[in-house]
Amino acid sequence: MSRYPAATRADHDRFCVVERWVLVRGATGQPVRHHRTYELVLDDGRVLRTRISRPVTKDAYGPSLWSAILRDQLEVTADEFWACVGDGVLPARGPVLPVPPADAVPLGLALQLQQHLGLTDSEIGSMTKDEAVARLHAHWSEGTDPQVHAP
């Protein structure tokens, strides 16, 4: 027997609101009509999606369905769910990944710079994306690298 009450559609909706899931809009820009549909973008880039049948009432989910929603849609444990709903404690969703600077050199470009120009990680790391593109473009279009063959 579970130590928690049967979860309801209203509990499910409250969880999404507290954790700041985004209500999905349809093609018309209006909320989706047949279900209340939420999305949450995680730090690793995955997008979670959950749907709550309308109307959002205090009708309880069956244990099997609720277990699947927790596991497959919300990706939380019952403890995390009820702590969020009852106390506003957000689920621990793993480490926050650092966001690279907007002008960081993408990996594919860095690999090209290493392969074609023989640049080191530290040399590439000191460049902006635009500088890296210019170096590679000069190498391909002129057959020379302006940094290496400068007068």
Side-chain angles (χ1 to χ4, degrees), residues 1-137 139-140 147:
M1 182 167 171
S2 174
R3 64 182 180 188
Y4 298 109
T8 67
R9 294 177 188 173
D11 295 326
H12 188 175
D13 189 66
R14 173 144 172 78
F15 174 86
C16 293
V17 169
V18 170
E19 197 181 15
R20 295 183 293 277
W21 289 54
V22 176
L23 188 60
V24 174
R25 303 284 176 177
T28 62
Q30 300 298 316
V32 176
R33 295 181 194 263
H34 57 288
H35 291 90
R36 184 169 283 178
T37 305
Y38 288 100
E39 286 185 346
L40 180 69
V41 178
L42 301 178
D43 291 330
D44 64 5
R46 291 181 302 130
V47 178
L48 300 183
R49 183 176 267 225
T50 191
R51 297 184 329 169
I52 305 167
S53 295
R54 290 184 185 242
V56 176
T57 62
K58 295 205 180 270
D59 292 342
Y61 289 108
S64 171
L65 176 58
W66 183 241
S67 178
I69 291 170
L70 284 175
R71 180 187 63 244
D72 301 332
Q73 294 181 20
L74 304 179
E75 292 191 11
V76 294
T77 65
D79 289 337
E80 290 170 318
F81 176 84
W82 288 108
C84 183
V85 170
D87 303 322
V89 177
L90 299 180
R93 297 233 178 236
V96 176
L97 301 175
V99 177
D103 64 347
V105 177
L107 178 60
L109 180 55
L111 293 174
Q112 292 286 328
L113 291 168
Q114 288 176 337
Q115 182 180 20
H116 295 289
L117 282 85
L119 298 180
T120 65
D121 288 341
S122 62
E123 290 172 316
I124 295 168
S126 68
M127 304 169 90
T128 66
K129 178 181 175 183
D130 290 340
E131 292 168 339
V133 168
R135 293 278 302 268
L136 200 54
H137 179 70
H139 173 74
W140 284 339
Q147 297 294 320

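The structure displayed is predicted, hence computed values, not measured ones.
Residues Leu74 and His12 meet the side-chain proximity criterion, which asks for heavy atoms closer than 4.5 Å. A heavy-atom distance below 4.5 Å is found between the side chains of Arg14 and Val18. Under the 4.5 Å side-chain criterion, counting only non-hydrogen atoms from C-beta, Phe15 is in contact with Val76. Using a 4.5 Å heavy-atom cutoff, the side chains of Arg51 and Val24 are not in contact. Contact check for Gln112 versus Ile124: no side-chain heavy atoms found under the 4.5 Å cut-off.
Across all non-hydrogen atoms, the minimal contact from Ala10 to Lys58 is CB-CG, 4.4 Å. The nearest pair of heavy atoms linking Lys129 to Ala104 is CB-O, 3.6 Å. Here the shortest heavy-atom pairing between His116 and Leu136 reads CB-CD1, 4.4 Å.
Residue Thr50 holds its OG1 atom at 9.5 Å from OH of Tyr38, rounded to the nearest 0.5 Å. In this structure, the separation between CG on Asp59 and OG1 on Thr8 is 8.5 Å, given to the nearest 0.5 Å. For the atom pair Leu48 CG and Asp72 CG, the distance stands at 10.5 Å (nearest 0.5 Å). Here Leu113 contributes atom CG and Arg135 contributes atom CZ; the two are 7.5 Å apart, rounded to the nearest 0.5 Å. Note that the OG1 atom of Thr77 and the CG atom of Asp79 stand 4.5 Å from one another [nearest 0.5 Å].
In summary, of the residues considered (Leu109, Asp103, Leu107), a side-chain contact (heavy atoms from CB on, under 4.5 Å) with Val105 occurs for Leu109 alone. Exactly one residue among Arg49, Arg93, Arg46 makes a salt bridge (Lys or Arg N to Asp or Glu O under 4.0 Å) with Glu75. That residue is Arg46.
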### Task
Test Leu117 against Glu123 for side chain to side chain contact (heavy atoms under 4.5 Å, CB included), laying out the working first.
CA-CA 11 Å; Leu117 282 85; Glu123 290 172 316; over 6 Å; no
### Query
Between Ile52 and Tyr61, does a side chain to side chain contact (heavy atoms under 4.5 Å, CB included) hold up when you go through it step by step?
CA-CA 11 Å; Ile52 305 167; Tyr61 289 108; 3.9 Å; yes
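The six-membered or imidazole ring of Phe81 lies near that of Trp66, with a centre-to-centre distance under 6.0 Å.
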